[in-house]
Engineer: 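If you scroll down you'll find the structure; I have some questions about it.
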Amino acid sequence: MGWSTEQAEAGTRSGQSGGGPGAEAAGAGAEAAGAGAEAAGAGARSGEHPRPPVALSPSRASDFMQCPLLYRFRVIDRLPEQPSAAATRGTVVHAVLERLFDAPAAERTAAGARAMVPGEWEKLLAKRPELAGLFAEDPQGERLAGWLAEAEALVERWFSLEDPTRLEPADRELYVETVLESGLQLRGFIDRVDVAPTGEVRIVDYKTGKAPRPQFAEGALFQMKFYALVMWRLRGVVPRRLQLVYLGSGDVVTYDPDEADLRGVERKLLALWEAIQLATATGDWRPRPTKLCGWCDHQAHCPEFGGTPPVYPLQVRPAEGGVPPQGRMGEI
């Protein structure tokens, strides 16, 4: 099973993204809110009692780095979040790009992929009926039709970035999990894993938003390096390439990691986990205001907006040095 070569050239266009930092923050906010909505909503529906975190995923690591209090709301309190149209569209697009490879190579066409979009939406709606609320005030179905058309356009754009007739993924939507020597458990889902005839591994992630400018790209690369670390620890091979496919802007961003990169990521994750454990034990979860706060569902519970967090559901011990339980937390 091999991969095609045109993506390497496409990666050189990674700096071509529209909009400035404000637009990038808006896109990141919508994506982050959507990712959290699914996780938080699932937790709220599960009826599980609050418990200390036991593992780290890229999304939750990003939550803590963005705002420790947001991490608490999603992981410990499991507060419900409203689904977003943007994130739901992303879920549908991901499903199409995953299932497209069920067909023989010659049948993987743009028209066929576009035709899959309504069906994947219906499947998702059957699993999560609450998503119907996204279009509750759409009696003529115009908003839904426009939303589906946007999803179809994203799917079609993918065909200008990669050629599925030349790809045979080794894995799709691969769940990975490993435990580091420190005892830290890492886990997550990888959109696609390609393996070349020479054994080289490429990890691919689809993004339905626009590619950020290079100075704002570290967050997405951190997610990919996280996956690369997990794959390295699981299989003993450093992935040859990490590839982000931005369907919103038609960009492909690539990065070739090495062992030094991944050891650095491991050290960062260990420091992050220590901070999470300390916050869990002390109940000291501090908000970190950023432009992304405008997309947060938890403003009513956030001190930065005059709100009060729920009563902390876990046992706590006093923080060393008498640090107050609220305030702003410095950068990790």
Side-chain angles (χ1 to χ4, degrees), residues 17-19 22-46 59 74 78-103 107-162 164 172-173 189 191-192 205-211 245-251 292 294-300:
S17 62
E24 286 149 3
E31 187 167 338
E38 186 168 351
R45 290 192 302 270
S46 68
S59 296
R74 286 179 169 171
R78 301 187 177 216
L79 298 182
E81 298 183 6
Q82 294 298 316
S84 75
T88 305
R89 182 172 58 238
T91 301
V92 171
V93 170
H94 275 73
V96 170
L97 297 184
E98 177 192 357
R99 297 186 174 95
L100 178 69
F101 288 99
D102 291 340
E107 298 178 14
R108 300 169 192 165
T109 65
R114 288 181 65 108
M116 294 171 64
V117 168
E120 291 302 329
W121 160 240
E122 292 298 332
K123 290 178 186 178
L124 181 61
L125 187 60
K127 293 178 182 178
R128 298 180 58 195
E130 72 275 11
L131 294 178
L134 292 171
F135 306 102
E137 299 179 4
D138 184 31
Q140 304 301 319
E142 294 178 355
R143 284 182 53 215
L144 175 59
W147 181 84
L148 289 171
E150 291 171 353
E152 291 171 2
L154 291 171
V155 167
E156 185 166 11
R157 179 171 287 158
W158 177 67
F159 283 79
S160 69
L161 304 173
E162 297 192 284
R172 292 169 278 155
E173 282 297 311
F189 283 90
D191 287 346
R192 198 179 86 216
D205 191 74
Y206 307 120
K207 300 291 186 185
T208 51
K210 295 181 178 181
V245 181
Y246 287 95
L247 303 175
S249 56
D251 291 300
L292 299 178
W295 287 271
C296 184
D297 276 351
H298 306 303
Q299 294 178 8

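Counting from 1, the numbers follow the sequence of the chain as shown. Note that these values count all heavy atoms, side chains included, but never hydrogens, waters or copies made by symmetry.
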Engineer: Is R172 salt-bridged to D102, going by a charged N under 4.0 Å from an acidic O?
Structural biologist: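 Judged by the 4.0 Å cut-off on N to carboxylate O distance, R172 and D102 do form a salt bridge.
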Engineer: If I compare all heavy atoms of A113 with all of V155, which pair ends up nearest, and what's the gap?
Structural biologist: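 So the two residues come closest at CB-CG1, 3.4 Å.
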Engineer: Can you tell if the side chain of T208 reaches within under 4.5 Å of the side chain of R89, non-hydrogen atoms only?
Structural biologist: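 They are not in contact (no side-chain heavy atoms under 4.5 Å apart), so the answer is no.
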Engineer: Ion pair present between E81 and R74, side-chain N to carboxylate O less than 4.0 angstrom?
Structural biologist: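 Between R74 and E81 there is a salt bridge, with a charged N closer than 4.0 Å to a carboxylate O.
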Engineer: Determine whether a donor-acceptor pair (N or O, by modelled atom type, separation under 3.5 Å) exists between the side chain of D251 and the backbone of Y246.
Structural biologist: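 Checked: no pair found.
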Engineer: Looking only at atom types and distance, does a side-chain atom of R143 sit under 3.5 Å from a main-chain N or O of D138, one as donor and one as acceptor?
Structural biologist: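 No; zero donor-acceptor contacts below 3.5 Å.
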Engineer: With a 4.5 Å cut-off on side-chain heavy atoms, are W121 and L125 touching?
Structural biologist: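 Yes, their side chains come closer than 4.5 Å.
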Engineer: Working to the nearest 0.5 angstrom, can you tell me the gap between E162 CD and R192 CZ?
Structural biologist: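 The distance works out to 4.0 Å.
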Engineer: Picking from E150, E120, E156, what satisfies salt bridge (charged side-chain N to carboxylate O under 4.0 Å, His left out) with R114?
Structural biologist: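 So the option named by the test is E156.
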Engineer: Which heavy-atom pair separates P83 from T88 by the least distance, and what is that distance?
Structural biologist: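 Result for this residue pair: CB-OG1, 4.4 Å.
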Engineer: Could you tell me whether the side chain of H94 reaches within less than 4.5 Å of the side chain of F189, counting heavy atoms only?
Structural biologist: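 They are not in side-chain contact.
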Engineer: Do the side chains of W158 and L97 get nearer than 4.5 Å, heavy atoms only?
Structural biologist: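 The answer is yes; the side chains approach within 4.5 Å.
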Engineer: Report yes if the side chains of S249 and R157 come closer than 4.5 Å at any heavy-atom pair, otherwise no.
Structural biologist: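 Counting from C-beta outward, S249 and R157 never come under 4.5 Å.
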Engineer: For a quick test of reading the model, state the closest non-hydrogen atom pair linking L247 to L154 and the distance between them.
Structural biologist: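 Looking at all heavy atoms of both residues, the shortest contact is O-CD2, 3.6 Å.
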